[in-house]
Amino acid sequence: MSSTAGRVIRCKAAIAWEAGKPLSIEEVEVAPPQAMEVRLKILYTSLCHTDIYFWEAKGQTPLFPRIFGHEGAGIVESVGEGVTELKAGDHVLPIFTGECKECVHCKSEVSNLCELLRINTDRGVMIHDGKSRFSIKGQPVYHFLGTSTFRMGATVNVAKPPKGSTVAVFGLGAVGLAVSRDKNIRYIRYRAAEGARLSGASRIIGVDLNPRKFELAKNFGVTEFVNPKDHDKPVQQVLAEMTGGGVDRSIECSGNINSIVSAFESVHDGWGVAVIVGIPNKDYVFKTNTVNFLYERTLKGTFFGNYRARSDIPNVVEKYLNKELELEKFITHSVTFPEINKAFELMLNGECLRCVVRLEGY
């Protein structure tokens, strides 16, 4: 791979030309990495609801043409000037947020919101010079979250459910199911139920409108299920009646504003904590009675589960290699790169948790 260093290369990419339209696999040109940049050959990627959300451009700034994808694995093809911690041939996980280790956030003990490399969903270009590294027939193609893995070339940390607590997980997709078991979740936005179980929660209540997810959710530690459509009262009232006043912790993973309100209002007064994980529409307005705050309910957000890309993710990888994390059960489907639109269909129809897209060999 080093023979291509410093040169423009060509590779296949799944391009979104319009909002909500099928992706088109075409050959793109990828410029060489500039100072402090790395060019990767992506071998595997997966589809997340975040990709769907921005692909549909509902409530977000449309930016097309664009190469989506922010969960992937690959190999370093070449590095730009000043890059010293990586070299061609290294196996890497591209992360959509960074850690410069120099800003006030990176130097703090409580924040992972790096000022230099903080996520910016509207930015489709590189920080260094404000230009895209992708192009097709001379036309720039925008990046997505600094990763664009659709091409070849934590909740528990924040919610901290105490042992024996009752936890409600709103949204039983990959994000929601992950939060229920693993103590060290997210990166893995899809480990809400997993994280709660490993933390010792005695009851994990899954809340979802799709009853097909309930049976699968049992494998991730969910003990009880509530479908809001089955009740003629607000789901927060249902949960309060089930738990004697409210859950100790709730985790909202869908980004739906009504679900966010329900998650907050479902926690117990005096000590209940609700954590927002799902990405809401930028125009959503959160409304609740201020008395809910006065009665010592807490509403928090989390970004990347409070994990730091360079400091913490290697430890997560080690846990997986030591078989402390069971990631395979989140992968319900696998498709080849030319079948990437099938992955979108599976996700839109609520038929999968994670669909791995195999790019190797294409």
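All heavy atoms count here, side chains included; hydrogens, waters and symmetry mates do not.
- Electrostatic pairing of Glu241 and Lys233 counts as a salt bridge here, judged by a charged N lying under 4.0 Å from a carboxylate O.
- Grouping the Ile, Leu, Val, Met, Phe, Trp and Tyr side chains by contacts below 4.5 angstrom, directly or via other members, places Val207 apart from Leu299.
- At a threshold of 4.0 Å, the pair Glu324-Lys319 counts as salt-bridged, since one of the basic side-chain nitrogens sits closer than that to a carboxylate oxygen.
- Exactly one residue among Val275, Thr298, Val167 makes a side chain to side chain contact (heavy atoms under 4.5 Å, CB included) with Arg249. That residue is Val167.
- Of the possible polar contacts, none joining the Gln237 side chain to the Pro234 backbone as a donor-acceptor pair under 3.5 Å is found.
- Salt bridge Glu85/Arg310: present, at least one basic N to carboxylate O contact under 4.0 Å.
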Run Asn292 and Glu265 through side chain to side chain contact (heavy atoms under 4.5 Å, CB included) and show every step you take. CA-CA 7 Å; Asn292 289 320; Glu265 295 182 351; 3.8 Å; yes
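- Between Ser78 and Thr4 there is no side-chain heavy-atom pair separated by less than 4.5 Å.
- Here the OG atom belonging to Ser254 is positioned 6.5 Å from the CD1 atom belonging to Ile260, to the nearest 0.5 angstrom.
- A side-chain donor-acceptor contact under 3.5 Å links Asn322 to the backbone of Glu318.
- At least one side-chain heavy atom of Met126 sits under 4.5 Å from a side-chain heavy atom of His143.
- Val261 and Leu294 fall into different hydrophobic clusters, where Ile, Leu, Val, Met, Phe, Trp and Tyr side chains are chained together by heavy-atom contacts under 4.5 Å.
- Salt-bridge check for Lys107 with Glu102: failed, with every basic side-chain N at 4.0 Å or more from each acidic carboxylate O.
- Checking Lys137, Arg10, Arg133 one by one against Glu29, the side chain to side chain donor-acceptor pair (under 3.5 Å) holds for a single residue, Arg10.
- Annotation for Tyr295: atom OH does not count as buried by contact number, only 12 or fewer foreign heavy atoms lying within 6.0 Å.
- Of the possible polar contacts, one joining the Glu252 side chain to the Gly255 backbone as a donor-acceptor pair under 3.5 Å is found.
- A donor atom on one side chain and an acceptor atom on the other are not found under 3.5 Å apart for Thr45 and Glu71.
- Ile136 CD1 to Ser24 OG: the interatomic distance, rounded to the nearest 0.5 Å, is 7.0 Å.
- Side-chain contact between Phe170 and Ser266 is present, with heavy atoms from C-beta onward closer than 4.5 Å.
- Panel note: side chain Ser202, backbone Gly164; a donor-acceptor pair is recorded below 3.5 Å.
- A side-chain donor-acceptor contact under 3.5 Å links Ser132 to the backbone of Val141.
- Linking ILVMFWY side-chain heavy atoms closer than 4.5 Å, directly or via other members, places Ile257 and Leu239 in two distinct hydrophobic clusters.
- The two atoms that bring Val273 and Val267 nearest to each other are O-CG1, 3.6 Å, heavy atoms only.
- With hydrogens and angles ignored, the 3.5 Å screen pairs a side-chain donor or acceptor of Ser108 with a backbone N or O of Ser111.
- Using a cut-off of 4.0 Å between Lys/Arg side-chain N and Asp/Glu carboxylate O, Glu215 and Arg212 are scored as not salt-bridged.
- At a threshold of 4.5 Å between side-chain heavy atoms, the hydrophobic network of Ile, Leu, Val, Met, Phe, Trp and Tyr places Tyr53 and Leu209 in two separate groups.
- A distance-only check finds a donor-acceptor pair linking the side chain of Asn349 to the backbone of Glu345 [under 3.5 Å].
- Remark: of the listed residues Arg39, Lys87, Arg7, Arg39 is the sole one forming a salt bridge (Lys or Arg N to Asp or Glu O under 4.0 Å) with Glu77.
- Using a distance-only test at 3.5 Å, with no hydrogens or angles considered, a donor-acceptor pair links the side chain of Asp51 to the main chain of Gly69.
- Side-chain atoms of Thr223 come within 3.5 Å of backbone N or O of Ile204 as a donor-acceptor pair.
- With a 4.5 Å cut-off on side-chain heavy atoms, Leu172 and Asn210 do not count as touching.
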Should Trp17 and Glu26 be marked as a side-chain hydrogen bond (donor to acceptor under 3.5 Å, both in side chains) after you check the CA-CA gap, both sets of side-chain angles, and the distance that decides it? CA-CA 11 Å; Trp17 289 96; Glu26 304 181 41; 2.8 Å; yes
Run the side-chain hydrogen bond (donor to acceptor under 3.5 Å, both in side chains) test on Ser334 and Arg358 for me, step by step, so that the C-alpha distance in whole Å, both residues' side-chain angles and the decisive distance to 0.1 Å come before the verdict. CA-CA 7 Å; Ser334 177; Arg358 306 188 304 276; 2.4 Å; yes
Checking side-chain hydrogen bond (donor to acceptor under 3.5 Å, both in side chains) for the pair Asn112/Arg308: CA distance, chi angles, key distance, verdict? CA-CA 5 Å; Asn112 68 339; Arg308 300 185 182 200; over 6 Å; no
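- Residues Ile95 and Ala309 share a closest heavy-atom pair of CG2-CB, 4.0 Å.
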Where do Asn227 and Asp208 land on the side chain to side chain contact (heavy atoms under 4.5 Å, CB included) test, with the steps shown first? CA-CA 5 Å; Asn227 185 337; Asp208 203 287; over 6 Å; no
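- For the atom pair Glu360 CD and Leu43 CG, the distance stands at 5.0 Å (nearest 0.5 Å).
- Checked against the 6.0 Å centroid criterion, the rings of Phe293 and Phe264 qualify as a close aromatic pair.
- Taking CE from Met347 and SG from Cys48, the interatomic distance works out to 6.5 Å, rounded to the nearest 0.5 Å.
- The number of heavy-atom neighbours closer than 6.0 Å to NZ of Lys21, taken from other residues, nucleotides and ligands shown, is 12 or below.
- Across every non-hydrogen atom of Cys114 and Cys100, the tightest pair is SG-N, 3.4 Å.
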Quick one, His268 with Asp248, criterion side-chain hydrogen bond (donor to acceptor under 3.5 Å, both in side chains). Give me CA distance, side-chain angles, the key distance, then yes/no. CA-CA 6 Å; His268 206 292; Asp248 300 304; over 6 Å; no
Give the C-alpha distance, both sets of side-chain angles, the deciding distance and a yes or no for side chain to side chain contact (heavy atoms under 4.5 Å, CB included) between Val30 and Cys11. CA-CA 8 Å; Val30 186; Cys11 69; 3.8 Å; yes
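- Summarising the geometry of Leu23 relative to Phe344, their closest heavy-atom pair is CD1-CE1, 3.6 Å, with the distance given to 0.1 Å.
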Apply side chain to side chain contact (heavy atoms under 4.5 Å, CB included) to residues Ile251 and Val277 and explain how you reach the verdict. CA-CA 7 Å; Ile251 303 163; Val277 179; 3.7 Å; yes
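- Of all the heavy atoms in Ala19 and Ala57, the pair that sits closest is CB-CB, 3.8 Å.
- For Phe54 and Phe68, the ring centers are positioned 6.0 Å apart or more.
- Within the 4.5 Å cutoff, the side chain of Glu18 has no heavy atoms near those of the Phe64 side chain.
- Nearest approach of Leu346 to Cys355, heavy atoms of both residues: CD1-SG, 4.3 Å.
- By the 4.5 Å heavy-atom criterion applied to side chains, Ser259 and Ser262 are not counted as neighbours.
- Counting only heavy atoms from C-beta outward, the side chains of Ile67 and Phe134 approach each other to under 4.5 Å.
- At a threshold of 4.5 Å between non-hydrogen side-chain atoms, the residues Val38 and Val83 count as touching.
- In the hydrophobic clustering of ILVMFWY residues, with side-chain heavy atoms under 4.5 Å counting as a link, Val316 and Leu321 come out together.
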